[in-house]
**Q** 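My questions will all concern the structure given below.
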Protein chains: 2
Amino acid sequence: MATTAVNKDTHPFSKPQFEALLNRRFFYAPAFEIYGGVAGLYDYGPPGSSLQANIIAEWRKHFIIEEHMLEIDSTIMTPAPVFETSGHVARFADWMVKDTKTGDVLRADHLVKNVLEARLAGDKEARGLAAQPPKEEDKKRKKKNAKAVAVQLADEVVKEYDIILAQLDNYSGPELGELCIKHNIRNPDTDNEVGEPQQFNLMFKSSIGPTGQHPGYLRPETAQGHFLNFSRLLEFNNGRVPFASAQIGRSFRNEISPRAGLLRVREFTMAEIEHFVDPEDKRHERFREVRHVVLDLLDRDVQVGGSTQITKMSVGDAVDKGIIANETLGYFLARIYQYLVKIGINPKRLRFRQHMANEMAHYATDCWDAEIENSYGWTECVGCADRAAYDLTVHSNKTGHPLIVRQALKEPIVTEKLVAEFNKKLLGKTFGKDSAVLQQMFSAYDEGHLEKIQGELTQGATTVVTPEGRQLELTADVLSIERKTFKQSVREYTPNVIEPSFGLGRILYVLLEHNFWAREQDVERGVLSLPPVVAPTKVLIVPLSAKEEFDPLIQEVSSKLRRAGVFSRVDDSNTSIGKRYARNDELGTPFGVTLDFASVQNRTMTLRERDTTGQLIGNIDEVIGIVTELVDGSIDWAEACRRLPAYDGVQAVE
Amino acid sequence: MATTAVNKDTHPFSKPQFEALLNRRFFYAPAFEIYGGVAGLYDYGPPGSSLQANIIAEWRKHFIIEEHMLEIDSTIMTPAPVFETSGHVARFADWMVKDTKTGDVLRADHLVKNVLEARLAGDKEARGLAAQPPKEEDKKRKKKNAKAVAVQLADEVVKEYDIILAQLDNYSGPELGELCIKHNIRNPDTDNEVGEPQQFNLMFKSSIGPTGQHPGYLRPETAQGHFLNFSRLLEFNNGRVPFASAQIGRSFRNEISPRAGLLRVREFTMAEIEHFVDPEDKRHERFREVRHVVLDLLDRDVQVGGSTQITKMSVGDAVDKGIIANETLGYFLARIYQYLVKIGINPKRLRFRQHMANEMAHYATDCWDAEIENSYGWTECVGCADRAAYDLTVHSNKTGHPLIVRQALKEPIVTEKLVAEFNKKLLGKTFGKDSAVLQQMFSAYDEGHLEKIQGELTQGATTVVTPEGRQLELTADVLSIERKTFKQSVREYTPNVIEPSFGLGRILYVLLEHNFWAREQDVERGVLSLPPVVAPTKVLIVPLSAKEEFDPLIQEVSSKLRRAGVFSRVDDSNTSIGKRYARNDELGTPFGVTLDFASVQNRTMTLRERDTTGQLIGNIDEVIGIVTELVDGSIDWAEACRRLPAYDGVQAVE
């Protein structure tokens, strides 16, 4: 539904007001708050839980149902050997530095970013370029980096900082340490120097069972659960590839010093797809459906060149030009874009950024992030990685359990090649212990070498040199080399994996930011213009009076809406209708229906739209029909206005 | 929908066949299987995930939406102080014993139960009472306790064992140790003696943040997340009580030696309700709606008396007689019953058992378990505990954050009482340091004492004795005692909590057992008669041929079903229709529609019901309408048979 957003996009974003609303209406709050809280852990209250449930429901529809994915639900607690094999025990780590005096721990890349950005902001201010009021974010930084404010930098220093920031994710730990020394980067809270960067593994560790002998980790991603079940999933799919598994579930990362609200947390709900595909054929059956989708792309080369300049390009073109590696990757980027826009992300603040070489996770060969702009900057909300055959291969090698696809070939592949055959009996007699050495040597020879020997044999004999340097002569009676025909009717391969991975908490947060604004006539209260598809409540039922004669009508409207699959709530609190609507604008409820005395007498009901506050009036059943269509997106508000007369009795009612 | 179950209930349950089906069709499987697995951890495959999602969706509808509960989603990783306060660090433990030679760890109560039950089974066999073939369960036990088979016991020993088993959950750790010694209970796997029972805390421990200084636990229940957010939830509910919060999420218990499949796991999804209620008024608004519901009750006294005899009683009667403590507890027991039966639990195998005194969790004052019979015996699947004010009180005391309800009284409570008032100036002058002592003494005196002193003062003076034994004389000019009026307009109280807590994995497992059977003509394949409301797929679409002319019809039927909210799947595999139906009977798909050449020509479609295998025929749109009503439960198969003619062309089609 295209709601007409009244001043929503032009409204200056007030972060304190936004945060106050989320807190006051219990979208979410710091977990264990009465115990002083723990950084990076949050609880969702009723509207946050509903919003999350709706984001998940739409995700399930958009991906799992639409694409017939195989949903699984695997275990969080994982025995250590699994993550030793997957490489997470050795490499799933961030670089941290310690304040040399206080021992406070900071994440190295965040430290560099915060300090350099603050210096650049100070430089801008000193040059008089900070014309617009500084953003909330800048204000905070200034506080944290008080010394950097309003100090002008040399032009070449500004340029150097810009280049560092553009490729920040590409630095190794030691390189980050060098940056700190070279640019005198200190802990902004204390102004103390920081030590050498050290690796800190981000997995939470525990122990399984009563003996303490079985270490386990909480999964930092759901992916391993898919890979370990690959054989079962393949069988469930009747052995056919490509197919995708999907999982929605909790994962854990023991972040070093999480500070950015829901954007960096230690426990989060994620949704992951593992799309298994033939490594030799990464085309996608439905690619033509998304070829035309235009994305904002920020590729690897642009970033390494020190820029963050966007290229607008259709997915089709990007794949044709090799910017996006293959159709399957392109297909998912487009589908991710469509999903995010559908649930209410502003497409103008959504870009797809390719990972640079050093930035990629240890298992990935290519990766694009869907990044969404918000008050903290550009934040990765969805990753879309090509993990190639990495995971299936390492687990298969470790366990000895084949994680492969066996594909019956329609046409058997017929090949001819030269083969060396020995007269085994004679070979043993003649060469004794060297027999095995000879067989091994010949099995390693290539076509050209065998052909040469074949020629020598027709002359009577050939001489070969063993690895130890002994010369052995072979005659045609002990060795023959002939051309043979081979027929292969089954192809075996380890599939590649394309992995779209969604951080649902991050998406939820930026979605709230993108849809928050306030009316000019009521700046104190905010409005959340959440699309109906994700809004916690779809319709608010507002009875004008608490008189008993309204009860049957409230019952009727509730139950008819419920039967139509529309989730509604009654607000029968003892306050004005205007206030009740305003309170529910804060919760993002897109529509309201008011039952007044005319409803009791004439069975009419008014219908209000949240963003425009426009009101229409009609017969109760007619209004229920229209609001149902509005909620399921089959008509928009403009169409509703064509179908029902406007209601202008607002003042009289309130 | 009342599906007509053909031989479903009389079919002898074959556990190996049942387990083979679940494994083969990937309902669930041991997690990390290719790494050798870990006891008590399972992954759900596609049908298991869907079944779980449907069980959850129906739970949400039956409880959260129906009762306007406030849903939350709180954190799993919990800082240690929370569980220190809640008592879990000290007391959330099971008793374990170690094999004195191998060091193997066993859960003490399970050991006693398994050994005594095996001896009783052996006794029955020796007495020739085991006429029917032994259950799978018995077979297993026999293997594990080979020595106990077919040995007759003295009558009084049998009686003693029965009494021990009936109150097994009531023994403390040391008592279990005494039982092992007295009855020579050894590790059945090794026949070695076992040591003294020791406590093992069931919470998984970890550490939050990079310094290692903040221990944390994985929550063993979701409940604490509700309690810590109590103030926010109360505010969200406009300060009104009663109200309930609800949460569906993962919890963790590091079980000692889990062996009973999904019934005892280390990681599980649970659904918990915390219903906050006035401790002085535990009536329930909607109790009259469930008064008539008849439950199988097994109360505390019966068990302590050594029996497991059920009493059938309506919830109304049980509350009236004080067997169930209050209306709210009774209301939830009835609602739990209705929910379980709705999703397909056999009501004949469902009982409500009250906890005995020693058995209750440390926080509970009363508790009833919904126990469901299955091949492992009677298993707790839902607990319904009255946690009183325990949790809110301890957290409030620890943190200083008030977790109370402030209730504006309609009528202020007016009380009169005698109050002692001092002439402060004169008091200080006369008694110096004793002034404070005197004031404290008088504030502690009761009404009678004050009245006596009042009498003495009218005589001129009174003498009191300080705690240190000194006599002090007070005159009427320094002390007056008068009757005063007090008005209290706000009542403050800590609410009590009634907690229904659902183990969804256990429910899923027993649901599968209760609905599993096999047709006489096809004993190899099983049928899962899952009710449509929870069945992973509602309708199977079976095209007779892979010819292209079927494609538009398949598309049409799929999309019309999707629009009607009915989840369907197409089975276009290259095998007979009979086989395709049989394969989907294993997955519990209740209905199938077949598209054949008549569909292409005349737009007819056949409709098949899973349990009866009956088939009807009708126009495509008519069949879609009827199957939609069948799935949403508004008609049953008998009604469908009245509306559509039977189809008897099965043989011809196959």
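To find a chain, count down the sequence lines: A is the first, B the second, and so on, and within it residues start at 1. None of these values were measured; they are calculated from a predicted model.
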**Q** With only heavy atoms counted, which part of B:M77 is less than 4.5 Å from chain A, the side chain, the backbone, both or neither?
**A**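 The answer is both parts of B:M77.
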
**Q** So for B:D632, is it side chain, backbone, both, or neither that comes closer than 4.5 Å to the heavy atoms of chain A?
**A**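 No part of B:D632 comes within 4.5 Å of chain A.
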
**Q** Between B:I65 and A:F567, is any pair of side-chain heavy atoms under 4.5 Å apart?
**A**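 In contact.
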
**Q** Heavy-atom pairs under 4.5 Å with chain A - which of B:L233, B:N238, B:V265 has more of them than the others?
**A**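 Most pairs with chain A among the choices: B:L233.
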
**Q** Side chain, backbone, both or neither: which part of B:H395 has an atom under 4.5 Å from a heavy atom of chain A?
**A**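 For B:H395, the contact with chain A is made by backbone and side chain together.
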
**Q** Taking the side chain as every heavy atom from C-beta outward, state whether B:L403 and A:I34 have any pair of such atoms under 4.5 Å apart.
**A**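 A side-chain contact under 4.5 Å exists here.
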
**Q** For chain A, which candidate among B:P81, B:A31, B:G216 shows the most heavy-atom pairs at distances under 4.5 Å?
**A**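 Heavy-atom pair counts peak at B:P81.
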
**Q** Between chain B and each of A:L41, A:L228, A:I76, A:I256, count heavy-atom pairs under 4.5 Å; write down the option with the most.
**A**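 The candidate making the most pairs under 4.5 Å is A:I76.
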
**Q** Indicate yes or no: does A:R232 engage B:E33 in a salt bridge with an N to O separation below 4.0 Å.
**A**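 Yes, this pair counts.
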
**Q** Can you see which heavy atom on A:S573 is nearest to which on B:R240, and at what distance?
**A**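 Result for this residue pair: CA-NH2, 4.5 Å.
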
**Q** Is the backbone of A:I208 close enough, under 3.5 Å, to the side chain of B:N254 for a donor and an acceptor to pair up by distance?
**A**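 Absent.
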
**Q** Looking at OH of B:Y28 and CG of A:N229, how far apart are the two atoms once the value is rounded to the nearest 0.5 Å?
**A**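 It is 14.0 Å, given to the nearest 0.5 Å.
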
**Q** For the pair A:R250 and B:D73, find out whether any cationic side-chain nitrogen is under 4.0 Å from an anionic carboxylate oxygen.
**A**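 Salt bridge present between A:R250 and B:D73.
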
**Q** In terms of heavy-atom pairs under 4.5 Å, which option from B:R562, B:E235, B:E71 contacts chain A the most?
**A**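 It is B:E71.
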
**Q** I need the minimum non-hydrogen distance between B:P210 and A:E255, along with the two atoms involved.
**A**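 Heavy atoms of B:P210 and A:E255 come nearest at CD-O, 4.4 Å.
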
**Q** Going by atom types only, do B:Y35 and A:T85 share a side-chain donor-acceptor pair under 3.5 Å?
**A**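 Looking only at side-chain atoms, A:T85 and B:Y35 do form a donor-acceptor pair, the distance falling under 3.5 Å.
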
**Q** Where on B:I64 is there a heavy atom nearer than 4.5 Å to chain A: the side chain, the backbone, both, or neither?
**A**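 When you check distances to chain A, no heavy atom of B:I64 falls under 4.5 Å.
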
**Q** Considering only heavy atoms, which portion of B:V38 lies under 4.5 Å from any heavy atom of chain A: side chain, backbone, both, or neither?
**A**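 Contact with chain A: side chain only.
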
**Q** So, A:T75 side chain and B:Y42 main chain: donor-acceptor pair closer than 3.5 Å or not?
**A**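 Yes, A:T75 side chain to B:Y42 backbone: donor-acceptor pair under 3.5 Å.
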
**Q** Where does B:K398 contact chain A at under 4.5 Å (heavy atoms): side chain, backbone, both or neither?
**A**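 When you check distances to chain A, only side chain atoms of B:K398 fall under 4.5 Å.
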
**Q** Checking heavy atoms, do the side chain of A:T78, its backbone, both or neither come under 4.5 Å from chain B?
**A**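 A:T78 touches chain B through backbone and side-chain heavy atoms alike.
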
**Q** Give me the contact list for residues 43-51 of chain A versus chain B, heavy atoms only, anything under 4.5 Å, ordered by residue number.
**A**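 Against chain B, the residues of residues 43-51 of chain A that fall inside the cut-off (heavy atoms, under 4.5 Å) are A:D43, A:Y44, A:G45, A:P46, A:P47, A:S49.
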
**Q** Within the 4.5 Å heavy-atom criterion, are A:L70 and B:F26 side-chain neighbours or not?
**A**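 Side chain of A:L70 against side chain of B:F26, heavy atoms only: no contact under 4.5 Å found.
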
**Q** Name the region of B:Q224, side chain, backbone, both or neither, that has any atom closer than 4.5 Å to a heavy atom of chain A.
**A**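 Contact with chain A is absent: no heavy atom of B:Q224 under 4.5 Å.
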
**Q** Which bit of B:E267 is near chain A, if near means a heavy-atom gap under 4.5 Å: side chain, backbone, both or neither?
**A**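 Just the side chain, heavy atoms under 4.5 Å.
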
**Q** For B:L202, is it the side chain, the backbone, both, or neither that has a heavy atom closer than 4.5 Å to a heavy atom of chain A?
**A**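 For B:L202, neither part sits under 4.5 Å from chain A.
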
**Q** Using non-hydrogen atoms and a 4.5 Å limit, figure out which bit of B:F236 sits close to chain A: side chain, backbone, both or neither.
**A**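 For B:F236, side-chain heavy atoms alone lie under 4.5 Å from chain A.
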
**Q** Could you tell me which of B:N201, B:V105, B:N23 has the largest number of non-hydrogen atom pairs under 4.5 Å with chain A?
**A**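 Heavy-atom pair counts peak at B:N23.
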
**Q** Could you tell me whether the side chain of B:S206 and the main chain of A:F204 form a donor-acceptor pair under 3.5 Å?
**A**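 No: the side chain of B:S206 does not pair with the backbone of A:F204.
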
**Q** Can you tell me which portion of B:F252 sits under 4.5 Å from chain A's heavy atoms? Options are side chain, backbone, both or neither.
**A**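 Looking at B:F252, just its side chain touches chain A.
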
